[in-house]
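Contents: one structure, followed by commentary.
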Protein chains: 2
Amino acid sequence: MGLRERKKRQTRRAIAEAALRLFAERGYEETTIADIAGAADVSPRTFFSYFPSKEDVVFAEIDERLTEVREGIDRRPADETPLESMRRIVLEMIEAIAAEHGEYGAIQVRLVLERPSLQARALKRMNDTEQYVVERLTELCPGIDEIDAVVIAGALVGGMKAVITHCRAHGYAPEATRRAVDRALAIVEHGLGSVPALTHRATE
Amino acid sequence: MGLRERKKRQTRRAIAEAALRLFAERGYEETTIADIAGAADVSPRTFFSYFPSKEDVVFAEIDERLTEVREGIDRRPADETPLESMRRIVLEMIEAIAAEHGEYGAIQVRLVLERPSLQARALKRMNDTEQYVVERLTELCPGIDEIDAVVIAGALVGGMKAVITHCRAHGYAPEATRRAVDRALAIVEHGLGSVPALTHRATE
DNA sequence: GTGCGAAGTTGCATGCGTTGCAATTTTGCG
DNA sequence: CGCAAAATTGCAACGCATGCAACTTCGCAC
């Protein structure tokens, strides 16, 4: 890897860290591009040659993580059933998110939760991942009905989103996390019909 | 309802229609706030006293529809099981969306699909609705486990999103729409384990 | 090491969305 | 009519984002 490459990576990191630090100190909208550029020792114009927008800098690390998840999906061993694969991948994803809990990850999570526009972007990223799941699913199960694939991916990602929300609210306690994942997968796998509260009629 | 009220409603509608017409004619980013205000015969500044942002004008009608859906949820008859209620509400929602297919609804859908930022906003709205489902669900089923409620809402909304996507891609043909809804609800209700393609091991 | 082309950085000018403020006009009602 | 509240408007300012052209730095061949 040449000097050029290394320096770019270094600058990118400097910008991202400066941005997150400033966001944490003064808040997101209280920090301007000029502030970030100044703290990272580059010109304001250069910021945009590394990140297409102010919002994107928040998702810099998260994107790398998502790429890893996709690679994990692609490396799926052939002797797993699709359901087993999905179980494993969901677990990996949750663990990755929980591990990210410290350091700058916490700042990112807080920012995303506080700013509706960032939350919207995060949901879009999740939706894009769902599209990817649909593609892999149709590849994995030749002849599967299209609507089936889309619904399955939707239910899976929806369940995963639920687990992430739940775990975040409970501080990522390890045993609670595992329990949530198990419970979520059980519901998705066995269906809403398996939840007694949902099939019980109020009258009578 | 006083004259003041009526005029406000009228102006709001004028702005929304002018905006959607211009978006359709020249494109979203090719239309400025000044253009919209000019076409609706108000000052640019006034635009912002009716819509908080340019993006919001795209969702004006959709928001009204979502409000109706929430009201539909609240009016749920007591002799339905939660699962039956959800089935009915999902069907109503899809029908409302399909009915919206004509007129300006089509423009909105096209805009949302084309612009990533609008797509993100649409997903956030869906997520907010999901939160609402969680609240009603915990109300409806006292003592239900929190994680269960969150997962159920996630799976339901995820499935619904899938149906919407699927139907849109197939031009909202009535019989295909009904089939998609049935299939989606069946999968969500009986679980992913009921889909043969997912439990079949490749090696054997 | 010298020079050259490519890649990266920077400043400048510009357009647009958005907000706060104060002035002005319109509306409903006594 | 006349008054107070509400709505509209213009103005100025700020920040994000983009295109462009000048400039600097880098890697590489000779």
Side-chain angles (χ1 to χ4, degrees), chain A residues 1-23 25-60 111-112 114-121 124, chain B residues 1-20 22-23 25-60 111-112 114-122 124:
Chain A
M1 188 194 311
L3 188 152
R4 236 177 185 130
E5 199 86 9
R6 258 180 300 137
K7 238 190 164 177
K8 274 202 89 169
R9 199 173 290 255
Q10 187 182 327
T11 306
R12 184 183 171 85
R13 191 172 178 77
I15 294 175
E17 285 189 1
L20 286 180
R21 184 170 54 78
L22 289 176
F23 290 162
E25 284 175 13
R26 336 177 179 170
Y28 181 75
E29 23 257 342
E30 287 71 26
T31 306
T32 70
I33 303 281
D35 294 335
I36 300 170
D41 255 316
V42 293
S43 87
R45 189 66 187 78
T46 300
F47 175 93
F48 289 104
S49 66
Y50 282 92
F51 299 96
S53 81
K54 186 181 175 181
E55 291 187 347
D56 282 292
V57 76
V58 176
F59 295 100
L111 285 172
V112 169
E114 281 172 2
R115 315 286 148 185
S117 70
L118 291 177
Q119 207 178 337
R121 263 189 108 102
K124 167 138 179 58
Chain B
M1 188 194 315
L3 191 151
R4 227 173 192 133
E5 199 85 11
R6 258 182 298 137
K7 238 192 164 178
K8 274 201 87 168
R9 200 173 291 255
Q10 188 181 326
T11 306
R12 185 185 170 84
R13 191 174 178 75
I15 294 175
E17 285 188 3
L20 286 181
L22 290 176
F23 290 163
E25 284 174 13
R26 335 178 179 169
Y28 181 75
E29 23 256 343
E30 287 72 27
T31 306
T32 71
I33 302 281
D35 294 334
I36 300 170
D41 255 316
V42 292
S43 87
R45 190 66 186 79
T46 300
F47 175 92
F48 289 103
S49 66
Y50 282 92
F51 298 96
S53 82
K54 185 181 176 182
E55 291 187 348
D56 281 293
V57 77
V58 177
F59 295 101
L111 285 172
V112 169
E114 281 172 1
R115 314 286 148 185
S117 68
L118 292 177
Q119 208 178 337
R121 264 188 107 104
K124 168 139 179 57

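Each chain gets a letter, A, B and so on, in the order the sequences are listed, and its residues count up from 1.
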Out of B:Thr32, B:Asp35, B:Thr31, which residue meets the side chain to side chain donor-acceptor pair (under 3.5 Å) rule with B:Arg26? B:Asp35
A:Ile33 meets the side-chain contact (heavy atoms from CB on, under 4.5 Å) criterion, sequence neighbours left out, with A:Phe47, A:Phe48, A:Lys54
Holding to side-chain contact (heavy atoms from CB on, under 4.5 Å), I want the full list of residues that pass it with A:Glu25, two or more places apart in sequence or in another chain. A:Arg21, A:Leu22
Just how far, in rounded Å, is P of D:dA7 from CZ of B:Arg9? 13 Å
Rounded to the nearest angstrom, tell me the gap between atom CZ in A:Phe23 and atom C1' in D:dC16. 12 Å
Does anyone know the first and last nucleotide of DNA chain C in reach of chain B, 5' to 3', at under 4.0 angstrom to a heavy atom? C:dC16 to C:dG28
Can you work out whether B:Thr11 or A:Lys7 has the more 5'-proximal nearest nucleotide on DNA chain D? B:Thr11
Using a 4.5 Å cut-off on heavy atoms from C-beta on, say whether the side chain of A:Glu30 contacts that of A:Phe23. no
In chain order, what residues pass the side-chain hydrogen bond (donor to acceptor under 3.5 Å, both in side chains) check against A:Ser49, with sequence neighbours excluded? none
Residue pair [X] / [Y]: nearest heavy atoms and the distance that separates them:
| X | Y | answer |
| --- | --- | --- |
| A:Phe51 | A:Ala60 | CE2-CB, 3.8 Å |
| B:Pro44 | B:Ala34 | CG-CA, 4.4 Å |
| A:Tyr28 | A:Leu111 | CB-CD2, 4.0 Å |

How far does OG of A:Ser53 sit from CZ of A:Arg121, to the nearest 0.5 angstrom? 4.5 Å
Short question: side chain of A:Thr46, backbone of A:Val42 - any donor-acceptor pair under 3.5 Å? no
Find every protein N or O atom lying less than 3.5 Å from an N or O atom of nucleotides 1-6 of chain D, and list the pairs.
from: D:dA6; atom 1: O4'; to: B:Arg4; atom 2: NH2; distance (Å): 3.2

What are the residues of residues 41-60 of chain B, sorted by number, that bring a heavy atom to within less than 4.0 Å of DNA chain C? B:Arg45, B:Phe48, B:Pro52, B:Ser53, B:Lys54
